[in-house]
Amino acid sequence: MSPAFGAMEVEHYSKGVLLEPFVHQVGGHSCVLRFNDKTICKPLIQREHQFYETLPTEMRKFTPQYEGVVSVSFEEDEDGNLCLIAYPLNGDHDNLENLDNSDCEPKSKLLRWTNKKTMLLENEKISKEWVRQHRKEEKMKSHKLEEEFEWLKKSEVLYYTVEKKGNVSSQFKHHNPWSMKCHQQQLQRMKENAKHRNQYKFILLENLTSRYEVPCVLDLKMGTRQHGDDASEEKKANQIRKCQQSTSAVIGVRVCGMQVYQAGTGQLMFMNKYHGRKLSVQGFKEALYQFFHNGKYLRRELFESVIKKLTELKSVLEKQESYRFYSSSLLIIYDGKERQEVAVDSDPEDLEDLSEESSDESAGAYAYKPTASTVDVRMIDFAHTTCKYYGEDSVVHEGQDTGYVFGLQNLIDIIKEIRDESSE
């Protein structure tokens with residue numbers, strides 16, 4: 001459980017928390033925001049909210065922890081810069097004790113962001129004159145930034161060389177194109193609706209990347225069908241077309257987004273959903289291989305853990321009566337931080353833990369000693385999930401979600417193929 005709030009922390013949250021861009025979002029069209037290091041938030045959709053409040057106990061280990069609801073306001077400062085501020089729901093202060101906000105940004109000391117780029121706004125010690133001059137300089141660069149952003153939106157696979165100085169994880173915020181796109185679109189939508197509506201409900205969820213120094217994230221769209229039961233005929237036809245033209249119809253899974261740190265080249269690689277839709281089954285397999293390869297060697301020590309978790313998830317879903325997880329995604333996450341190097345001429349005790357595969361792939365005087373690696377497998381995005389327990393649904397399904405289970409089995413089989421082929 002998160003530590004309880006002290007009186008000052010409750011007051012801090014009550015005055016508003018700035019919502020910052022969540023830099024590890026690699027897929028989906030709904031904007032995801034950072035509430036604090038361990039918590040993200042996204043616009044509340046009633047069906048998804050209902051899912052999190054009623055999900056079966058055995059599924060909880062495979063979904064982000066649900067942490068409540070906040071009220072979010074769209075605000076502008078005197079210079080027209082846009083920001084989103086989270087407040088407790090009216091009468092909901094009692095629920096704050098379960099949420100750690102010790103690392104939230106208070107409204108009075110902000111990183112605010114425009115619809116063009118993130119920029120540093122004044123804190124109490126910086127003069128307004130300096131800020132205005134800084135903004136003037138930023139505006140002079142705006143044309144170049146807009147051109148760059150248009151290029152980012154059109155690029156389906158991108159590689160960025162990481163600066164050797166500084167922290168790798170901190171550089172995601174400057175380069176993740178999908179996160180940039182989602183935030184720009186969310187701000188624009190809320191700005192357009194600001195005259196009519198300025199209060200939105202957002203749900204708070206566990207930040208699944210918080211435990212990793214350099215999160216490598218794979219977002220997979222699961223199932224052979226993506227449209228919900230309430231979809232319009234136009235939406236239904238569009239989703240069916242996307243499935244038929246991608247690997248969804250053939251193997252029940254397709255790539256929706258990816259970010260990987262490749263230590264071998266010192267690059268961050270991003271792949272978006274548009275590229276994922278174009279992949280053949282062989283292309284999908286190659287993308288999975290790329291996700292588990294860090295540019296130097298294949299992270300084979302991750303395979304058994306991810307296969308075990310996917311198999312366990314499949315077993316859990318096979319027992320779920322009536323659930324349909326239309327258009328939901330599955331995240332696979334691991335730490336891309338490079339493993340410890342040890343010299344091969346070290347003492348035998350230092351080398352006894354070297355795996356056979358690491359020794360085979362060693363080069364020169366060094367081999368790679370696997371550290372304790374953890375892989376996370378979680379289901380996300382339940383805006384179109386349905387179940388017979390949702391009383392208002394006109395369509396009631398029976399049995400397991402065969403399309404999702406089919407996709408999981410094929411995913412397991414393909415990862416096993418990559419594992420076995422790499423060990424030959």
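In what follows, every heavy atom counts, from backbone to side chain, and hydrogens, waters and symmetry copies are set aside.
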Which residues share a side-chain hydrogen bond (donor to acceptor under 3.5 Å, both in side chains) with E321, sequence neighbours left out: none

Steps toward side-chain contact (heavy atoms from CB on, under 4.5 Å) verdict (L331, V217): CA-CA 7 Å; L331 295 184; V217 184; 4.2 Å; yes

L411 and L288, any side-chain heavy atoms less than 4.5 Å apart: yes

C31 side, atom SG; Q25 side, atom CD - distance, nearest 0.5 Å: 6.5 Å

Within the 6.0 Å centroid threshold, strictly below: F292 and F303: yes

Rounded distance (nearest 0.5 Å) linking atom CE of M379 with atom CZ of R60: 14.5 Å

Side-chain ion pair, D335 and K337, N-O less than 4.0 Å: no

Lys/Arg N to Asp/Glu carboxylate O, D376 vs R211, below 4.0 Å: yes

Stepwise side-chain hydrogen bond (donor to acceptor under 3.5 Å, both in side chains) test for N238 and E234: CA-CA 6 Å; N238 187 42; E234 180 181 2; over 6 Å; no

Test log, rule side-chain hydrogen bond (donor to acceptor under 3.5 Å, both in side chains), inputs D219 and S329: CA-CA 6 Å; D219 186 326; S329 285; 2.9 Å; yes

Student check: side-chain heavy atoms of I203 and I45 closer than 4.5 Å: no

Exercise: identify the closest heavy-atom pair between A86 and F35: CB-CE1, 4.0 Å

Contact check, side chains of F291 and I332, non-hydrogen atoms, under 4.5 Å: yes

Heavy atoms of other groups near K308 NZ, more than 12 under 6.0 Å: no

Side-chain touch N207/R34, heavy atoms, less than 4.5 angstrom: no

Flag, side chain of S328 to backbone of F325, donor-acceptor distance under 3.5 Å: yes

Any T63 side-chain heavy atom under 4.5 Å of L55 side chain: yes

Ionic contact status for K285 with E421, cut-off 4.0 Å: yes

Carboxylate-amine/guanidinium contact K235 E233, below 4.0 Å: no

Whether H24 and F22 hold their rings parallel, tilted or perpendicular, with breakpoints at 30° and 60°: perpendicular

Pair E48, T385: side-chain N/O donor-acceptor within cut-off below 3.5 Å: no

Side-chain donor or acceptor of K309 paired with backbone N/O of V375 under 3.5 Å: yes

Check against side-chain contact (heavy atoms from CB on, under 4.5 Å), V260 and N294: CA-CA 8 Å; V260 182; N294 73 353; over 6 Å; no

Geometric class of the Y326/H227 ring pair [parallel <30°, tilted 30-60°, perpendicular >60°]: parallel

Non-hydrogen side-chain atoms of M269 and Q259 separated by less than 4.5 Å: no

Check: I418 and L298 side chains under 4.5 Å, non-hydrogen atoms: yes

Pairing residues for F406 by the ring-ring contact (aromatic ring centres under 6.0 Å, His included) criterion, not counting sequence neighbours: none

Side-chain (S322) to main-chain (H397) donor-acceptor, under 3.5 angstrom: yes

Expected output: side-chain S423 to main-chain D420 donor-acceptor under 3.5 Å: yes

Separation of M271 CE from C256 SG (nearest 0.5 Å): 12.0 Å

Full working for salt bridge (Lys or Arg N to Asp or Glu O under 4.0 Å) between K42 and D381: CA-CA 10 Å; K42 59 185 292 192; D381 296 340; 2.9 Å; yes

CD1 on I40 to CG on L19, rounded to 0.5 Å: 11.5 Å

Candidate pair Q409 and K314, rule side-chain hydrogen bond (donor to acceptor under 3.5 Å, both in side chains), full reasoning: CA-CA 7 Å; Q409 185 59 60; K314 176 174 172 283; 3.3 Å; yes

Non-hydrogen side-chain atoms of L205 and Y66 separated by less than 4.5 Å: yes

Test item: T54 side-chain N/O and Q50 main-chain N/O as donor-acceptor pair under 3.5 Å: yes

Atom pair CG/OG of N36 and S210 - distance to nearest 0.5 Å: 9.0 Å

Stepwise side-chain contact (heavy atoms from CB on, under 4.5 Å) check, M59 with V316: CA-CA 7 Å; M59 286 188 62; V316 169; 3.8 Å; yes

Worked check of side-chain contact (heavy atoms from CB on, under 4.5 Å) between V306 and I412: CA-CA 9 Å; V306 72; I412 293 168; over 6 Å; no

By salt bridge (Lys or Arg N to Asp or Glu O under 4.0 Å) - contacts of E304 (at least two apart): R419

Euclidean distance, H49 NE2 relative to F202 CZ, rounded to 0.5 Å: 14.0 Å

Set of residues satisfying ring-ring contact (aromatic ring centres under 6.0 Å, His included) with respect to Y289, sequence neighbours excluded: H293

Heavy-atom closest pair, residues L18 and C83: CD1-CB, 3.8 Å

Listed partners of D393 passing side-chain contact (heavy atoms from CB on, under 4.5 Å), at least two apart: R47, T386, Y390

Any donor-acceptor N/O pair, Q320 side chain to Q400 backbone, under 3.5 Å: no

Backbone of Q65 reached by a side-chain donor or acceptor of E206 within 3.5 Å: yes

Short side-chain donor-acceptor distance under 3.5 Å, T247 and R254: no

Those residues that, when tested against F51, pass ring-ring contact (aromatic ring centres under 6.0 Å, His included) (two or more places apart): F382

Donor + acceptor pair across side chains of K221, Q226 (<3.5 Å): no

Stepwise salt bridge (Lys or Arg N to Asp or Glu O under 4.0 Å) check, E301 with R299: CA-CA 6 Å; E301 82 280 6; R299 295 288 301 272; 2.6 Å; yes

Closest heavy-atom pair and its distance - T374, Y212: OG1-CE2, 3.5 Å

